[in-house]
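Comments concern the structure below.
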Amino acid sequence: MDYNIVAQAYEDMEKTRKRLELLEILSGLFKNTSSKVIERVIYLTQGKIKPDFYGIELGMSDKLVIKVLEKSTSMSKNRIQEEYKKTGDLGEVTKIALSNKVQTTLVKDRLTVERVYSTFEDIANTTGHGSVDIKIAHLSGLLSDCTPLEGKYIIRTLTGILRLGIADYTVLDALAVTYTGDKKNRKYLERTYNISSDLGKVAKIVVEKGLEGLEEINIVVGNPIRPMLAERLSSSQEIIDKVGEKMSLEYKLDGERLQIHVNKKQVSIFSRKLENITNHYPDVSSIMSEINVENMIVEAEAVAINKEDGSYLPFQELMHRRRKHKIKEAVENYPISINLFDIIFFDNEDLTNSSYERRRKILNIIVKKNKKLDIVKNKIIRSAEEIDNFLEQSIEEGCEGLVIKDLQGTYRAGAREYLWIKLKREYKSEMSDTLDLVVIGAIYGKGKRVNRYGALLLAAYNKEEDMFRSFCKVGTGFSDEQLRIIYEKLQKCIIKDKHVMVDSKMEVDVWFKPNIVLEITGSEITISPIHTANMNEIRKDFGLALRFPIFTGRIREDKMAQDITTTMEIMNEYKKQLKKVIN
DNA sequence: TCTGTCTGCCC
DNA sequence: ATTCTGC
DNA sequence: GCAGAATGGGCAGACAGA
């Protein structure tokens, strides 16, 4: 199949944001796609070459793409930077670079989807010493044989950001329209996607066998299914209004979500994004062997625990477990507990259509709790007041908040609906503090943030030494309008180099005189290898940083830079936090 | 062999 | 992870 | 309200290059 057909469809899609038009164009593309290449076209449209659980990585992103452009086009390094700043899109830069290129061969073979896909596979399969140069050569080869337009989408696909306004759900819609003649059939395709987690496979089935083919697909222990997700609400009253009066409240633990498959004592574990992470948790196998059953799929939160008293440790500690080497030491040094909260499959029975109440009951029957294995604490309640009390209690015990669950709710794989609702402390304004931080630098925006700053580097004030030390970046919370206003305000503050009163290890595109003060919220303070606030005060060569920073929408015109949150105040906050990283 | 940079994936 | 926005 | 696209801190691993 000619890759130009794909690139041209993408180009058409880029011109509109209307969902119906996008659907029509995508459907048109699928009509022109044979069953032989449909899987590959689907994966490329997802910006990947295989579903995540295959563990195949391209290992090429912004920096390497820029290197390729430097090497294989006539565009200078400076010009590439300049165009990247101007367009906010490496695909566009590639298009411009290739347009400038002197045509070396007049007649060249048409670029095919097969060629693009297999080159991506080659890039993914290249590892070891000298692999970077080989990857660059693979991509250069592709770019030298394509049109500027094709180059644009090859780069966007490679970096995983198509920016077309289409993703999984639109692909499902389009497949339904193209191959079953009715968008309403999406729900059947969606079900197959949710239990197979492989969009290419769904497409292939529906192309070759139609709707009947989908019915043959069932949950298979060992194949990951797309996890059910939760919506967010910010008060107990909203939750009561949404759910009714009877519901289950579950503690929300701060760890990693695991989908654990057991088949005749053989354990495989998948992450939220369905990566196979079995090797990260070799100890889970023996933990799960306590449950005596032929096969099952359960969901759990793995949390790092204190060796002595079993209390929960911060997420940062658990992250030491996501590793490939020295697993034995990690298991020893970073013990975990497995906290079950759902069961999806049990003893050859698919439980996704059972109620939460029943699934939870089964968990209670089969699990014998011990130091390493637990069921997430829950409570059935009937009033807003009970929600607030239980939220308070969960936080006191070192949790992030609550997940509220509809008792009659089935397990809706892949869906983010109001059957599950997250309530975290920081969603409630009265339970979270704000900070006033000064803008000291910025990074150019990409994509729809082009010609603005995408993120701002913020600092707290160290009074004793009269210095502004970096504490976090912020890139969310502003409306488009606020982003524009802040961009304009900051133009007057631009300076050539880092200000003498600014202490930052982080690099930015633009430095500012510390002047503009923003109000920021976040979830908690972490120990930071990169930010310089409170450097060395808790741990040598580490500062403090803010996790999940958000702009509240308030620019503090009333505050001077010297009036902002001080590093001493940050330290006090840090000490108040229940959970702290052990030194 | 050590260190810095880049990438991918947890949240 | 959170947030904003077009449809 | 859905679906998509912006953006955060921080960890380990893979490489390049000194």
Side-chain angles (χ1 to χ4, degrees), chain A residues 16-23 52 55-67 88 126-133 135 159-173 231-232 253-258 271-275 277 280 301-302 314-326 330 400 415-418 422 424 426-427 443 445-450 452-458 471-483 506-507 520-531 542 544-553 581:
Chain A
T16 180
R17 281 195 237 184
K18 294 201 173 72
R19 307 211 50 77
L20 293 175
E21 285 180 20
L22 287 168
L23 183 58
D52 293 328
I56 298 169
E57 284 152 30
L58 287 158
M60 275 193 119
S61 191
D62 285 28
K63 306 287 175 180
L64 271 185
V65 168
I66 289 171
K67 259 193 186 172
T126 306
T127 57
H129 201 75
S131 59
V132 168
D133 282 341
K135 281 181 192 230
T159 51
I161 316 161
L162 266 297
R163 288 199 180 106
L164 300 173
I166 56 154
D168 294 6
Y169 292 109
T170 317
V171 170
L172 286 168
D173 274 344
E231 269 297 344
R232 316 168 43 235
L253 310 189
D254 191 11
E256 180 172 15
R257 184 172 178 175
L258 309 185
S271 70
R272 206 196 94 143
K273 271 194 68 193
L274 307 180
E275 298 280 334
I277 50 170
H280 296 167
E301 193 80 4
F315 180 73
Q316 261 180 308
E317 286 292 292
L318 180 75
M319 282 299 92
H320 295 302
R321 287 295 292 271
R322 358 177 346 95
R323 60 165 70 199
K324 225 165 135 179
H325 311 303
K326 296 189 184 170
E400 287 188 296
R416 174 166 266 148
E417 293 168 330
Y418 286 92
K422 280 191 277 192
K424 299 197 352 189
E426 64 259 31
Y427 302 164
I443 289 94
K446 316 262 194 298
K448 65 184 177 186
R449 292 262 176 100
V450 68
R452 303 276 180 271
Y453 297 126
L456 307 172
L457 180 62
L458 304 177
F471 184 51
C472 65
K473 286 194 284 181
V474 65
T476 191
F478 0 70
S479 63
D480 291 354
E481 174 71 357
Q482 283 171 330
L483 206 60
M506 196 164 265
E507 287 303 319
I520 303 293
T521 63
S523 71
E524 65 183 329
I525 298 166
T526 59
I527 291 184
S528 172
I530 179 76
H531 288 291
F542 283 77
L544 295 180
L546 186 64
R547 190 182 185 196
F548 307 142
I550 299 156
F551 174 49
T552 63
V581 174

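Chain identifiers are assigned alphabetically (A, B, ...) following the order of the sequence lines, protein sequences preceding nucleic acid strands; residue numbering begins at 1 within each chain.
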Self-check item: Pairing residues for A/Tyr453 by the side chain to side chain contact (heavy atoms under 4.5 Å, CB included) criterion, not counting sequence neighbours
Solution: A/Ala442, A/Tyr444, A/Leu456, A/Tyr487, A/Leu490, A/Gln491, A/Ile494, A/Val510, A/Phe512

Exercise. Report which part of the nucleic acid A/Ser523 touches: base, sugar-phosphate, or nothing (heavy-atom distance under 4.0 Å, all strands).
Key: nothing

Quiz item: Between the main-chain N or O of A/Leu58 and the side-chain N or O of A/Lys135, is there a donor-acceptor pair closer than 3.5 Å?
Solution: yes

Exercise. Check whether any side-chain N or O of A/His320 sits under 4.0 Å from OP1 or OP2 of D/dG10, and answer yes or no.
Key: no

Quiz item: Base, sugar-phosphate, or nothing: which does A/Ile443 touch, judged by heavy atoms less than 4.0 Å apart?
Solution: nothing

Quiz item: Are there more than 12 heavy atoms of other residues, nucleotides or ligands under 6.0 Å from atom CZ of A/Arg416?
Solution: yes

Practice problem: State whether A/Thr526 places a side-chain N or O below 4.0 Å from either non-bridging phosphate oxygen (OP1 or OP2) of D/dG10. | Solution: yes

Exercise. Between A/Gly165 and A/Lys67, just flag the one whose closest nucleotide in DNA chain D comes earlier from the 5' side.
Key: A/Gly165

Quiz item: Has A/Lys67 got more than 12 heavy atoms of other residues, nucleotides or ligands less than 6.0 Å from its NZ?
Solution: no

Quiz item: Hey, does the side chain of A/Arg416 come within less than 4.0 Å of D/dA3's phosphate (OP1/OP2), counting only N and O?
Solution: no

Quiz item: Taking atom C1' in both B/dG8 and C/dA1, what distance in whole Å separates the two?
Solution: 15 Å

Exercise. Quick one, give me the B/S/- string for nucleotides 3-11 of chain B, reading 5' to 3', where B means a protein heavy atom under 4.0 Å from the base and S means that only happens at the primed atoms, P, OP1 or OP2.
Key: ---SSSSBB

Exercise. Looking only at non-hydrogen atoms, find the nearest pair between A/Leu544 and A/Ser528 and report the distance.
Key: C-CB, 3.9 Å

Practice problem: For A/Ser479, enumerate each residue passing the side chain to side chain contact (heavy atoms under 4.5 Å, CB included) test, keeping only those at least two apart in sequence or located in another chain. | Solution: A/Glu481, A/Gln482

Self-check item: side-chain hydrogen bond (donor to acceptor under 3.5 Å, both in side chains) partners for A/Arg449, two or more places apart
Solution: none

Self-check item: Touch class at under 4.0 angstrom, heavy-atom based, for A/Tyr427 against every strand present
Solution: sugar-phosphate

Exercise. From the options D/dT7, D/dG10, D/dA14, select the nucleotide whose nearest atom is closest to the side chain of A/Lys324.
Key: D/dA14

Exercise. Indicate whether OP1 or OP2 belonging to D/dG10 is found under 4.0 Å from a side-chain N or O atom of A/Ser528.
Key: yes

Practice problem: Check whether any side-chain heavy atom of A/His531 lies under 4.5 Å from a side-chain heavy atom of A/Met506, and answer yes or no. | Solution: yes

Quiz prompt | Rounded distance in Å - CD (A/Gln316) to P (D/dA12) | solution = 10 Å

Exercise. Give one of base, sugar-phosphate or nothing for A/Phe478, where a contact means two heavy atoms less than 4.0 Å apart.
Key: sugar-phosphate

Practice problem: For A/Tyr418 and for A/Leu164, find the nucleotide of DNA chain D with the closest heavy atom, then tell me which residue's nucleotide is more 5'. | Solution: A/Tyr418

Quiz item: With sugar-phosphate meaning primed atoms plus P, OP1 and OP2, does A/Gly130 contact a base, only sugar-phosphate, or nothing at under 4.0 Å between heavy atoms?
Solution: sugar-phosphate

Exercise. Name the first nucleotide and the last nucleotide along DNA chain C (5' to 3') that come under 4.0 Å of a heavy atom in chain A.
Key: C/dA1 to C/dC7

Exercise. For A/Leu172 and D/dC2, give me the distance from atom CG to atom C1', rounded to whole Å.
Key: 14 Å

Quiz item: Which residues satisfy the salt bridge (Lys or Arg N to Asp or Glu O under 4.0 Å) test with A/Arg321, sequence neighbours excluded?
Solution: A/Asp283

